[in-house]
Protein chains: 2
Amino acid sequence: MELESVKKSFMDRLSQIRGLEYAGNIVYWDLATGAGSRGIDARSRAFGVLSSQTQMMMMSEAFLSELEILELNINNLQAQDAMVVKEARYQLDRISKIPMNEYREYIELTSKATVAWEEAKSEADFEMFAPYLKEIIEYKRKFADYFGYDDHPYNAHLEDFERGMTVKVLDEFFEELKATIVPIVKAINEKNEQPMDDFLYLSYPIENQKAVSEKILYTIGFDKEAGALSESEHPFTLALDISDVRLTTHYYQNHLTSSLFSTIHEGGHGIYEQNFSDSIAGTILADGSSAGIHESQSRLYENNLGRSEAFWSYFYPELQSKFKKQLDCVKLSMFVEAINKSEPSLIRVEADELTYSLHIMVRYELEKALMDGQLEVKDLQSAWNDKMQSYLGIMPKNDAEGILQDVHWSDGLFGYFPSYALGNAYAAQIEIALRESMDVDGYLRAGDYAPIKGWLSKNVHQYGLTKTADEIIRIATGKPFNAKYYTEYLKEKFTKLYNL
Amino acid sequence: MELESVKKSFMDRLSQIRGLEYAGNIVYWDLATGAGSRGIDARSRAFGVLSSQTQMMMMSEAFLSELEILELNINNLQAQDAMVVKEARYQLDRISKIPMNEYREYIELTSKATVAWEEAKSEADFEMFAPYLKEIIEYKRKFADYFGYDDHPYNAHLEDFERGMTVKVLDEFFEELKATIVPIVKAINEKNEQPMDDFLYLSYPIENQKAVSEKILYTIGFDKEAGALSESEHPFTLALDISDVRLTTHYYQNHLTSSLFSTIHEGGHGIYEQNFSDSIAGTILADGSSAGIHESQSRLYENNLGRSEAFWSYFYPELQSKFKKQLDCVKLSMFVEAINKSEPSLIRVEADELTYSLHIMVRYELEKALMDGQLEVKDLQSAWNDKMQSYLGIMPKNDAEGILQDVHWSDGLFGYFPSYALGNAYAAQIEIALRESMDVDGYLRAGDYAPIKGWLSKNVHQYGLTKTADEIIRIATGKPFNAKYYTEYLKEKFTKLYNL
């Protein structure tokens, strides 16, 4: 067969695989945002069929032999086709390394573990979940051997979220965060002067919250023709295609800012997914560069831009007019102080901007120790509590607000948490470059987001998976990644806010 | 291989096919009820992948050889397994008879034809659509030859909707309808005394319409845990599984009864799909017996029960309390007269109960004549207008409200329309048996639908595809199908309503 026709056939197969993934994603969306409760089994069956079909197609001999032909001729392919071929090989290698039957057993284990975790959490009893977690970790350690790694088995799992990221880099990164953040948290605590924020917890009718969320989302640059905003228990972004990016948020009657910042956060993820270049749209390369880079875009909009005075100088009058009774006496400056209040708390997803990365640090250190065997599941609970006490100065009263709070481990997601902290740090470094290239605050005050979105698309979004996280940071900022931009940002911001 | 393991493998394949169909249905649901406008291409691709995968699985050698082994051993299978095997063969035969490439060309033609039809309809210009229709009919006539038929090529297409149904039976059926209905319509027209119904077209806030629609739907027996009610341009029912049946309706601010009766109608379809017996749930047999039997269940709830005084004696107070301003002066009897008003109109989907089947008759006669070549597309428009004039006494002013009103032909759906009229007739015969077995009006007045649903489930719903339409009618009514129950029902009802 001619190279050209092998290529066409191979690309067709990839596009079929994508079609199946797309369908699986729609089933997931439907599950999370609509649908009656009794249909869950039928949906799970459909899920199972789709994923086994995907895997069969990807591991078929036809796929493999075409891939090999293309690899032999990689120098005769156009640059983007060559990247597609390399990425397909990368993904195939990852899924082929674990023996099929072990992987199936592991998947079954995680389904059961998720149910066990839910029950354990509602009873606030870690013992109910511990045996499952122990088994999951055994699998994860075995998988690390299958994947192969240098230095530390945790590296094999970091690869799923940040390619090339290592324990060595992260140890240094978190040490730097610890050295900066822990003293600021202590200083704020000792000063004991918090801004007023009780007005954020009055009753805010949900219809009006929706109207403001949508106004902000579409103003900051999310294209509503190419997506949707819906509701679910936990907010998430689901990108089906650059033409169809779905977001969810969650409205609470008595917590105004929860839905607002969730919407802005998911909006950042969504804007990233809507702005891959047309040339990679619909291909295997239309994906975020890494979980951390993805998170940098959501955090940039949510925190660096979204908690600034300039941001709200545009949106606050709108918010006030929707909630006259609740906000009439609250000045813009009071509102901005309130949404930047920092106070140690137990639940990661509700943590403020300053303390958030400390929650991640706790999880990073525990995951690493579980993975290399320095920590056992039976000692996990007390290790958790100790770390919370030492970094945040507070201790959970029970397992539900402690070790059982996150779904990740029951799902087998080890190595994901660090990306959240990296995202914050990437965002800080990117923000500086963005501000060097334009009058960001001027545009925020004018509600004119086109220049910001344009700059981010050009320097970050367009590349999708064709550049690594490291490359993206160099392209966008002209420098290698450095955590000091993030630590300096936090130091400056909170020193000023709290007059430290 | 042992028979048992062949059977298991074959059933697994069928369940995988069902999983793919399920996913396709969710994609369809998503398209119709949510989702931004730009994602349509990506969704179409996913659709294409799913249906080609389904077809590949069904036409694979492995599937075929297992099917043949099971057929050879059909007497050693349990009754239900034998039915599954026969049904799989039936479906495989239907899809295998048309050469794959011709079928693909035909599918492409219908996609283009649907676009052309939409444009033609918006311009009210049949000429824009005629060339596509001509081609579709040529395919349909060829396909009839592939399928094979006795007597009339139209029979080959009726098979898709009512297995075993023939032109011979339908000719007689429609003659009987014509002989009864046309004179009643004339008599009403000559009498020229219509009930007042302008209050149905006041402004009815949609939130309250929703509340009433949901109240009625869940009261008449639709299980909300096993389904959902959403909104779409055209109401429809989509059954994913007995545990997950989706309905849509459409709310119009100035047309109260449109959404109410759409909801009740789709509710009837939905209750049918939720009540297949557990033993056939999730199998190829979990489907309506025929399109006509399906329609009988929606029409029974919508018309036979849903337009009765007894039905509204329970629900009308609720409706009145939601719309005090609009309905305070409207007595129950006035409301019931208004929702049963009969008056010839041009649009089928808006036709009243009496004239509805005449719209179907027009389409039946035209489809039949197109299929056997007695009528050509170039003469279709005038044939349509002539028949409207002769049966309903009215004539469309343009093609949009005439020959272009239905989507069916552009979709290649020939032979479907008769099932709508058959459904009305089946419903009338079933209603008599239902009333013989219990005090239906007593239960309606009490809002107690469990006995009615129980009877329908036992006599109709539970069987799914394991009984033919003919068998269902005999089981439910103890007699063979006879159109006279329907004609007598109409005669009695409208003679009384209009004092003829």
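Below, read A as the first sequence line, B as the second, and so on, with proteins coming before strands; counting in each chain starts at 1. These values consider heavy atoms only, across backbone and side chains, with no hydrogens, waters or symmetry-generated copies.
Within the 6.0 Å centre-distance limit, the rings of H294(B) and Y272(B) are counted as a close aromatic pair.
Looking at E21(A), there are no atoms closer than 4.5 Å to chain B (heavy atoms on both sides), in backbone or side chain. Of the two parts of L20(A), the backbone and the side chain both hold a non-hydrogen atom closer than 4.5 Å to a non-hydrogen atom of chain B.
In this structure, OG1 in T249(B) is found 9.0 Å from CG in L247(B), a value given to the nearest 0.5 Å. I284(A) CD1 to L465(A) CG: the interatomic distance, rounded to the nearest 0.5 Å, is 8.0 Å.
Taking the side chain as every heavy atom from C-beta outward, Q209(B) and K322(B) never approach each other to under 4.5 Å.
For the set S15(A), A46(A), G24(A), the entry with the most heavy-atom pairs within less than 4.5 Å of chain B is A46(A). Between chain B and the options A23(A), S52(A), A281(A), the largest number of non-hydrogen pairs under 4.5 Å is found for A23(A).
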